Structures are given as structure tokens and as C-alpha cells.
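Keep in mind that this is a model prediction, so the values were computed, not measured. Just so you know, ligand 1 is whichever comes first in the structure, and atom 1 is the first atom listed for that ligand.
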Amino acid sequence: MLRTTNCGALTLAQLGEEVILAGWVQKTRDKGFMLWVDLRDRYGITQVIFDEERTPKAVMEKAQNLGREFVIQVKGTVIERESKNPNLPTGDIEILAADLVVLNQAKTPPFTIENETDGGEELRMQYRYLDIRRTPVRENLVFRSQVSLAIRNYLSENGFIDVETPYLIKSTPEGARDFVVPSRMNEGQFYALPQSPQTFKQLLMVGGMDKYFQIVKCFRDEDLRADRQPEFTQIDCEMTFVEQEDVLQQFEGLLAHLLKEIKGVTTGPFPRMTYAEAMSKYGNDKPDIRFGMTFTELNDLAKDKGFNVFDQQELIVGIAVPGAASYTRKQIDKLIDWVKRPQIGANGLVWVKCNEDGTFKSSVDKFYNTEDLAAWAESMGAKAGDLLLVMAGPSHKTRTQLSALRMELAEQMGLRKANEFAPLWVVDFPLLEWDEETDRFHAMHHPFTAPKPEQLELLDSAPGTVNANAYDLVLNGNEIGGGSIRIHDAETQEKMFSLLGFSPEEAKAQFGFLMEAFQYGAPPHGGIALGLDRLVAILGGQETIRDFIAFPKNNSGRDLMIDAPSTIDNAQLEELRLKLNLD
Ligand code: ASP
């Protein structure tokens with residue numbers, strides 16, 4: 001080893017010891033006769049002192065020529081520091097240098113490698129290896145490793161076997177576009193990168209593997225919404241001979257274990273909510289239940305009072321914002337502007353102040369008297385001092401808009417506390433979702449999800465009303481996992497494909513292997529996949545997944561460091577028999 005210890009280890013306990021440290025020069029302070037270097041490695045920072053009187057002259061000179069981020073090796077003695085730094089674990093000591101070797105020089109880094117850096121996101125991504133030298137980024141990666149390990153331990157202790165599945169596969173439509181890879185050896189043919197190992201894990205169950213897991217990369221060629229990555233990591237799991245309840249118990253156990261192990265947080269049984277309830281109470285299938293402001297429908301109370309705007313709408317729905325009756329006109333107008341932005345697209349917002357003295361003031365005073373408004377407030381469970389915010393329009397759209405407002409308000413009011421964890425299960429998702437654009441059903445989860453057995457009959461007569469044995473695990477307003485009990489017989493699977501608009505030939509061409517497998521004794525099975533990137537970010541108290549990925553892509557799906565994607569040369573194209581048509 002080029003060192004005897006690391007830069008985070010030394011304290012007064014090692015006083016007088018001779019040590020060798022290696023690391024990067026974080027900064028130097030040169031007073032001429034004395035020079036200090038903050039030496040950094042993964043474990044911390046140790047101060048090194050070069051002193052004219054006690055350090056050999058040649059060493060002193062070398063030290064004077066050190067630049068930021070030089071890689072050095074220092075030999076010296078642990079001495080007590082005169083001015084101690086209580087913020088550093090090594091802050092009581094320093095190393096009196098006796099020798100110095102420059103292991104490598106460094107150009108001046110394009111941004112400061114400190115906790116707070118002057119580097120913008122783009123620059124930091126371009127020089128991600130320098131960014132990773134910064135403590136907050138490094139700590140996030142270490143944290144991710146700890147979470148992964150805790151997951152592996154839990155699953156392994158619970159009998160799950162880690163099996164790798166291939167990355168070069170055949171397209172499986174799971175809602176997103178596939179990334180494809182041309183095959184040189186099979187002219188004109190393409191592999192697809194897996195959107196998830198879904199069919200493989202099911203085939204492992206047919207193969208008798210019983211309990212499978214894999215921490216695995218998945219690839220989806222989606223238009224990138226904020227904070228999505230084209231390649232991301234799933235904790236992918238599948239179990240045999242289980243019902244929905246078994247899967248919920250097992251993975252509730254996993255998350256509870258992680259919360260305990262990583263955050264020291266003990267959770268009770270996770271609440272469960274049906275999809276229908278989540279949509280009607282929160283306008284959202286991944287509700288953040290750390291705070292209230294649940295929805296109240298006001299159709300009965302607000303219609304037919306002469307307010308035209310409401311009378312014609314399908315849904316009138318509102319929330320009571322605690323303590324916000326004191327908002328000024330300007331603050332309320334800001335909220336109105338916020339919901340009218342194209343991203344939200346609402347027409348407006350009706351507000352009612354429930355004043356402390358029991359009176360009401362609203363934007364619709366002309367149409368509703370005090371009794372009307374009192375009835376609204378009562379049905380919404382509002383207290384004096386609350387502000388009612390009401391929206392109206394088509395049901396689904398209005399709920400979604402109000403949900404966005406609810407989350408924004410919670411953010412503004414500091415109700416989304418990073419160290420508070422509120423997991424829940426959302427269950428009973430619809431099996432199918434009607435898509436106006438393509439005029440056909442889509443699988444709400446994916447085409448392998450089983451309908452509720454008691455609703456099987458309805459698949460023919462009223463497929464749109466059938467619910468699935470599908471579930472999402474939600475944490476702090478984020479979907480961190482989703483799964484289902486699967487179809488395990490060829491007949492139901494065929495029916496499902498046909499409902500989704502596949503002809504028997506298309507189904508056979510794409511999924512013949514799965515339907516064939518179902519004819520060789522496929523056991524009942526089900527599973528789930530959790531998104532590791534997001535889970536780690538939330539446990540780490542942040543919501544940006546990029547901060548927890550060593551080499552993330554930007555919002556255009558680019559890796560700025562290696563400059564990918566990039567063109568390939570003609571020889572490569574020719575070998576693949578590909579011709580570009582870029583007109
Ligand atoms: N493969 C599914 C997904 O990626 C998860 C599952 O159903 O297990 O969302």
C-alpha cells in the first residue's frame with residue numbers, strides 16, 4: 001500500500017506515530033515559513049503541516065509547488081494541532097511532514113471541489129469524476145451501496161435467489177419504447193434492451209426457481225420527463241405459489257427493514273388504499289399522506305346556486321389549506337396563476353377564507369351566502385383560519401390539477417418533510433385503461449397482470465370494469481414499486497392479448513415463448529419491482545435521482561462526460577448492414 005492509514009482516521013490517540021497518507025490536495029495555505037495542506041481521500045480530510053524549521057528544505061520546496069487536486073503521498077508524524085477544528089473528526093491533529101512524493105499532477109479543476117461548489121450541473125456532469133470527489137456526491141454513492149447491501153441481505157435471508165437475466169432480448173411492450181441493438185450476425189435483426197426482466201422472471205418461476213430477485217438495469221426509451229433516466233435500476237422480484245397478500249407482506253417487510261436499518265425509523269403496518277380511493281381523496285395514485293388537505297367533492301353543495309361556471313361542470317372539488325385564510329390577495333393570485341400555467345392547465349381557482357371570527361370571504365360571494373360557504377367548510381372539515389381552494393371541470397383532469405396544487409402547497413408550507421416516511425400500498429388498480437388516442441385498451445400495469453379471479457367473467461362483457469391483482473408501493477408521494485399477480489394460464493393470457501388488440505399471430509410472434517411455457521405446468525406466481533434510484537434518493541432525504549447515480553444522463557438522455565450517444569463510423573454501419581436516412 002502507498003499509505004499506512006487514511007485521511008479520516010487519525011486522532012489524538014495516534015499522537016507521535018509515524019504515518020504515510022495518500023490523497024488529493026484539497027487546498028494549501030502558504031505563509032512562506034509554514035505551509036498547510038488539506039489532504040483528502042474517500043474517508044476524510046487531514047491537515048498536513050510543512051514547517052521551515054522542522055521540515056527538510058527540499059520537501060518544503062516541493063510543497064510550495066503543489067496545486068489543487070495534485071495527488072500526493074506524505075510521510076510524517078501525528079502531532080497535536082494548535083488551532084483545533086471541531087468540525088473534522090481529524091480536527092485535533094495534524095501531520096508534520098517529513099517527506100512528500102507527488103504521485104500525479106493535476107490541471108486546475110473546472111469547479112471547486114468543496115461541499116458547496118461553484119460548478120453548474122452541466123459542468124459537473126461533464127467532469128463527473130471530479131464531482132464524485134466532492135463529499136456530498138461521494139456520500140450519496142456510499143449510501144446507495146449501503147441500501148443495496150441491506151436489500152440483498154434481506155432478500156437473501158428470505159430465501160430469494162439472485163439470478164441474472166439477459167440484456168439482449170426481444171421487445172416486450174411494457175408501455176415504453178424499446179432501445180434496440182442491431183445484430184451483426186443476424187442480418188436485419190435487432191435485439192431490444194429489457195424494459196424490465198418481466199417475462200424472464202416469470203419463466204424462472206415456471207422453471208421452479210420459487211423466489212427470485214435481481215438488482216438490475218432496465219432501459220426505456222421514453223421522452224424524458226424531469227428526473228427520469230433512460231437506464232435505471234430495479235430491485236426486481238418474483239415469487240411462486242403466492243397470492244397478493246403474500247407479496248404485500250414480503251415487500252412491506254423489505255421496506256420496513258430498510259427504514260429501520262438505514263434510517264432507524266420504525267413503521268407500523270402500512271396503510272392500504274384502493275386506486276379508486278386514492279384518486280378520489282388525493283387525485284393521485286401515489287398520494288403523499290404525510291399531510292392532510294384531502295379532497296372533498298362539492299357538487300351537491302355548490303351547484304344550482306346561480307354560479308354558471310360551476311353548474312356545467314362534471315366535478316367540483318376542493319381542499320382546505322390549514323391556516324391559510326391569512327393569505328393576502330397577492331398570495332392567492334399567485335396560486336391562481338400557478339394553476340393556470342400550461343403545465344397545470346386549470347381555468348382558475350375559487351377561494352374561500354374561513355376567517356377566525358367565523359365569517360367568510362370568498363371570490364364567489366356574489367353567488368354563495370354565508371350559510372352556503374359554511375356548509376362547504378363543514379363538509380371539508382375546515383377550521384377557522386383555513387383557506388378553501390376549489391376547482392371545477394372534467395373529473396379526472398380536475399382531480400389531477402388539484403393534486404398538483406395540493407403538492408405545491410405542501411412544498412411551500414414545508415409539509416413534505418424529508419425525514420418523515422409515510423409508506424402505503426395502493427391496490428385494486430383497473431386491469432385496463434382506455435386510450436382515446438389509439439382507440440383501444442392498454443394494460444394499466446402490463447399485459448401479464450392477472451384480473452381479479454372473481455371478475456374473470458367480466459373480461460368478455462365489460463373489460464373496462466375489471467380490476468387487477470396489481471399493487472403499487474408508495475412512499476412520500478412517489479411510486480417506489482409496483483407489481484401484480486400474473487396470469488399463469490395460456491388461455492387467459494391469450495384473451496388478454498386479444499383485449500389489448502394483438503391478433504393471435506402477433507401475440508404468437510411476440511409472446512409465443514411465454515404462452516408455450518404456460519402449457520408446461522406454470523405455477524401461480526406474482527411479484528414486484530422497486531425502483532432503486534428513487535428509493536435511495538427518498539431514503540437519502542432528497543428527490544433527485546441523478547444525485548444518487550454515479551454517471552447519470554441529462555434530460556436529453558445524454559452522457560455529457562463520454563459524449564454519448566454519438567455517431568458510429570461507416571465501417572461499423574456497413575458491418576451491421578445499416579443505412580442512415582437522416583432527411
Ligand atoms: N416488471 C414490472 C415493472 O417494471 C414490475 C412487476 O410487475 O414486477 O414495472
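The distance from ligand 1 to the heavy atoms of Gly483 drops below 4.0 Å at these ligand atoms: 6 (C), 7 (O). When each atom of ligand 1 is checked for a heavy atom of Ile528 under 4.0 Å away, the hits are 8 (O). For ligand 1, the atoms closer than 4.0 angstrom to any heavy atom of Ala529 are 5 (C), 8 (O). Close contacts between ligand 1 and Arg220 involve ligand atoms 3 (C), 4 (O) [criterion: under 4.0 Å to a heavy atom]. Here is the list of ligand 1 atoms found below 4.0 Å of a heavy atom in Gln234: 3 (C), 4 (O).
Partner of Tyr275 under the ring-ring contact (aromatic ring centres under 6.0 Å, His included) criterion, out of Trp425, Phe429, Tyr471: Phe429 alone.
The N/O atoms of Lys201, backbone and side chain alike, include one that comes under 3.5 Å of an N/O atom in ligand 1. Considering backbone and side-chain N/O of Glu238, none are found under 3.5 Å from N/O of ligand 1. An N or O contact shorter than 3.5 Å links His445 to ligand 1 by distance.
Nearest approach of Arg546 to Asp227, heavy atoms of both residues: N-OD1, 3.9 Å.
Between Phe448 and Phe511, the distance separating the two ring centers is shorter than 6.0 angstrom. For Tyr167 and Phe219, the ring centers are positioned less than 6.0 Å apart.
With a 4.0 Å heavy-atom cut-off, ligand 1 is reached by the side chain of Ser196 but not by its N, CA, C or O. The part of Arg486 lying near ligand 1 is the side chain, judged by heavy-atom distances below 4.0 Å. With a 4.0 Å heavy-atom cut-off, ligand 1 is reached by no atom of Gln195.
Judged by the shortest distance from any of its heavy atoms, Gln202 lies outside the 4.0 Å radius around the atoms of ligand 1.
Checking Asp288 against Tyr282 by side-chain atom types alone, no donor-acceptor pair falls below 3.5 Å.
Remark: Glu187 engages Arg577 in a salt bridge, criterion side-chain N to carboxylate O under 4.0 Å. Between Arg440 and Glu433 there is no salt bridge, since no side-chain nitrogen of the basic residue lies less than 4.0 Å from a carboxylate oxygen of the acidic one. A salt bridge does not link Arg128 to Asp559: none of the charged side-chain nitrogens sits closer than 4.0 Å to a carboxylate oxygen.
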